[in-house]
Number of protein chains: 2
Amino acid sequence: MRPTVNDIAREAGVSLATVDRVLNARPGVRDKTIRAVNDAIVKLGYVRDLTAANLARSRNYRMAVVLPDTESQFVQSLADALTDAGSIAAAARMDLRLHRFPAEDPHALAALLTGLPGRGYAGVALMAPETPILRDAIRSLRAKGLPVVALVSDLPNTGRDHFIGTDNRAAGRTAGVLMGRFLGPTPAQVLVLGQSLLARDMIERRRGFDEVMLRDFPQLDVLPSLETHGSGQTLRHVVAERLANAPGVRGIYAMGDGHRALTQVIDEMGLSGKLVVICHELTPHVRQALEGGEITAVITQNLGHLARSTLRVLRAKADNLPLDAGQEQIRIEIVLRENLPPIPDSAALSAAEPTDTAA
Amino acid sequence: MRPTVNDIAREAGVSLATVDRVLNARPGVRDKTIRAVNDAIVKLGYVRDLTAANLARSRNYRMAVVLPDTESQFVQSLADALTDAGSIAAAARMDLRLHRFPAEDPHALAALLTGLPGRGYAGVALMAPETPILRDAIRSLRAKGLPVVALVSDLPNTGRDHFIGTDNRAAGRTAGVLMGRFLGPTPAQVLVLGQSLLARDMIERRRGFDEVMLRDFPQLDVLPSLETHGSGQTLRHVVAERLANAPGVRGIYAMGDGHRALTQVIDEMGLSGKLVVICHELTPHVRQALEGGEITAVITQNLGHLARSTLRVLRAKADNLPLDAGQEQIRIEIVLRENLPPIPDSAALSAAEPTDTAA
DNA sequence: GCGTTTTTGAGGTACGCCCCTCATTTTGTA
DNA sequence: TACAAAATGAGGGGCGTACCTCAAAAACGC
């Protein structure tokens, strides 16, 4: 049997009330007594039963997740992953609420954020580009005691409590090595695409990519980035034009989204499988293109993991508890056709339930 | 506020006792009443508070983890990861016990396993090669109601409840593509090492590797596997001899362990960075060799994830609950020097704790 | 309508912990 | 030594659920 608070009290020769005071860091206990209790805790190997503690506290965690209203598959997949994770975490008194803001409107975002406190929220997770007005909004949230967590793209100068996502520079470097090694020693040109060169993650990816290319693969000529501004139309034109005019192009690094348009151009020009194409984020389209051969490799992050990590971090921050750094690290994953993770069947129930609410 | 059993009782116009009977599928309730209660549950959106339920049940989960007593870094890292995960899960009434068995003694293993029931265990996770006697032991465990989970290497013909690990065939394929693409179009020879060609995982890796090599990289000549039988000595000799006599060898695929010896040979022959070396499992040695350039790429699985997954699966099986298939999938990770995950500092406490036991 | 069986209600205790109050003891200080 | 202040003990109510008992009510068969 696991030891309980009562066992500690007996072992330490103090009352339950004192044990409670020590465990919950309440004032009015002599150092000597504190030590006695802690000794008993160590001796008995006591571990507080968190489920019972939370039950007693009747703590619940309403969390806001704020995402841009982009219709991109990535954001959509992220939202899905968060919703999934949230519905499971509901059993642990989590209550996740998704909010969307107009992608290009920092003021609307700020208004949304400042409206959050007072509505019972215990924390906020946020995916957004950094702007001065956002910085202020985040500061004000934190001043009101709400932890703020940056999602996918970091907000380093806002005082956010935590960043959940990959190191984009390292991701860019990884794309670089793959590109370099896959292209081999023959000189070639590499096209780089990104919807906007202002976004922090794009800049960092590009920096990491260039770093490796310059250092390790001098035979490769990396062309200046092409901006697509999120438009499939633009991307198609720009890429088609480049591929037609620069016959030395043997690799494409797509830093942003617009994968569908890219795949189309490649197909139309009959170049599927003949180029090394590396992009980010394993969305359904990208998965298909990997299988089809239009895309060679994908640098991605596990959105399920990211979503669950978000919930754990928000919760830990709300309770002011430490994090398990190893668990919260979002890895940079490399996906090729050969290690494409199978799509888990959502109906993978491995056991029946006595009643349909028990799970 | 989340609805509770009391709310259901009120809504359905029945007593608490009846709600309890319905929720826990106890006998003696009319169909009509059951329906009324279920309607109330749906209407209020009731979700049973699992933590409170488990508390009331005073359910605890003593789980056995059985590993070979190999001194390999991989098994050691796995044991560490499991211990870590176990100590965290202790807060959720988990009680993980590690057992080791003599690696080459199936009888000792079987004896260990058959001794487990009756000692309060609720489940077993096991990493071991499949033998007939093991099959029987597992069947007998399951007959006694203990779920059995295979770790790292699957035990498909034993009726185990679940397998936690990667698809070794796909891992071999992944190693194959990397080898092929990294070596480029120039003809070359590839050395394959494995400690024993009888182990299921080795066979599957080799099969996946060959599959890709034959199909996609005909210019590469994959030499027959060399068996090292887990001896660093043997490995050193064999590899040195081959490298000296076969100047066309430009790639090494190390399917098993013995990475330390391999790194040494490569260093001694001044071949660091000149060969494409691909191996499995990111142990501390391998990490070092990746940074040093002796090893080019590693196919690995996240042991922290694997350990946590093990606990979740054991628990779900013990409670006969469904699994989140997506979460429990162990991915095949590709690690290069550029995306080497940083070692999380174990003292990465992001917040102070009132007492050192509260987490 | 009777007795019998089945269904339902009422209530209690427990799980391990949190959080509060009030009385009592101990400690430190003048 | 007396006194205030600090530390400790004792105890109760609660979180949401599980599981038990016993009595009361309803449904059933004849």
Side-chain angles (χ1 to χ4, degrees), chain A residues 1-37 40-41 44-61 90-95 319-321 354-355 357-359, chain B residues 1-37 40-41 44-61 90-95 319 354-355 357-359:
Chain A
M1 272 286 96
R2 277 176 50 164
T4 73
V5 279
N6 287 289
D7 300 321
I8 299 177
R10 201 177 325 108
E11 177 71 27
V14 300
S15 75
L16 211 58
T18 301
V19 173
D20 177 69
R21 290 184 182 106
V22 174
L23 276 179
N24 296 292
R26 288 185 237 282
V29 188
R30 274 184 305 169
D31 282 0
K32 194 183 147 196
T33 314
I34 294 182
R35 249 175 285 122
V37 172
I41 287 174
L44 297 182
Y46 169 80
V47 181
R48 169 189 283 173
D49 185 331
L50 263 192
T51 64
N54 281 332
L55 175 60
R57 262 190 263 258
S58 71
R59 181 103 170 77
N60 53 357
Y61 304 82
R93 2 182 62 87
M94 265 274 186
D95 177 12
D319 283 343
N320 207 30
L321 289 177
T355 73
T357 58
Chain B
M1 275 283 91
R2 274 175 54 167
T4 73
V5 278
N6 287 289
D7 300 322
I8 300 178
R10 203 177 325 110
E11 177 71 30
V14 300
S15 75
L16 211 59
T18 301
V19 173
D20 177 69
R21 289 184 184 108
V22 174
L23 275 179
N24 296 293
R26 288 185 237 282
V29 188
R30 272 185 305 169
D31 282 1
K32 193 183 149 196
T33 315
I34 294 182
R35 250 176 283 119
V37 171
I41 286 174
L44 297 182
Y46 170 81
V47 180
R48 168 189 283 173
D49 185 329
L50 264 192
T51 66
N54 280 333
L55 175 59
R57 264 189 261 257
S58 73
R59 181 100 171 76
N60 55 353
Y61 304 82
R93 17 190 83 247
M94 264 277 186
D95 177 11
D319 282 344
T355 75
T357 58

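Chain naming here is simple, since letters A, B, ... match the order of the sequence lines and numbering starts at 1 in each. All of these numbers come straight from a predicted model, not from anything done at the bench. Computation of the quantities below employed the complete heavy-atom set of this structure, encompassing side-chain atoms and omitting hydrogens, waters and symmetry-equivalent molecules.
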Could you encode protein contacts along nucleotides 10-26 of chain D as a string, one character per nucleotide from 5' to 3', using B for base contact, S for sugar-phosphate-only contact and - for no contact, with a heavy-atom cut-off of under 4.0 Å?
-> B---BBBBSB-------

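Of the possible donor and acceptor atoms, none in the side chain of A:Asp20 sits under 3.5 Å from a partner among the backbone N and O of A:Leu16. Judged by distance alone, the side chain of B:Arg10 and the main-chain N or O of B:Ser15 form no donor-acceptor pair under 3.5 Å.
When every heavy atom of B:Arg21 is checked against every heavy atom of B:Pro27, the shortest pair comes out as CD-O, 4.3 Å. Across all non-hydrogen atoms, the minimal contact from A:Ala12 to A:Ala36 is CB-O, 3.9 Å. Nearest approach of A:Asn24 to A:Arg57, heavy atoms of both residues: OD1-NH1, 4.4 Å. For B:Arg93 against B:Arg59, the heavy-atom pair with the smallest separation is NH1-O, 2.8 Å. For the pair B:Val5 and B:Tyr46, the tightest heavy-atom approach, listed with the atom from each and the gap, is CG1-OH, 3.8 Å. Of all the heavy atoms in A:Arg2 and B:Met94, the pair that sits closest is NH1-N, 4.3 Å.
For the pair A:Thr18 and D:dT8, the criterion of a side-chain N or O lying under 4.0 Å from OP1 or OP2 is not met.
Boundaries of the chain B contact region on DNA chain C are C:dT7 to C:dG16, first to last in 5' to 3' order (nucleotide atom under 4.0 Å from a heavy atom).
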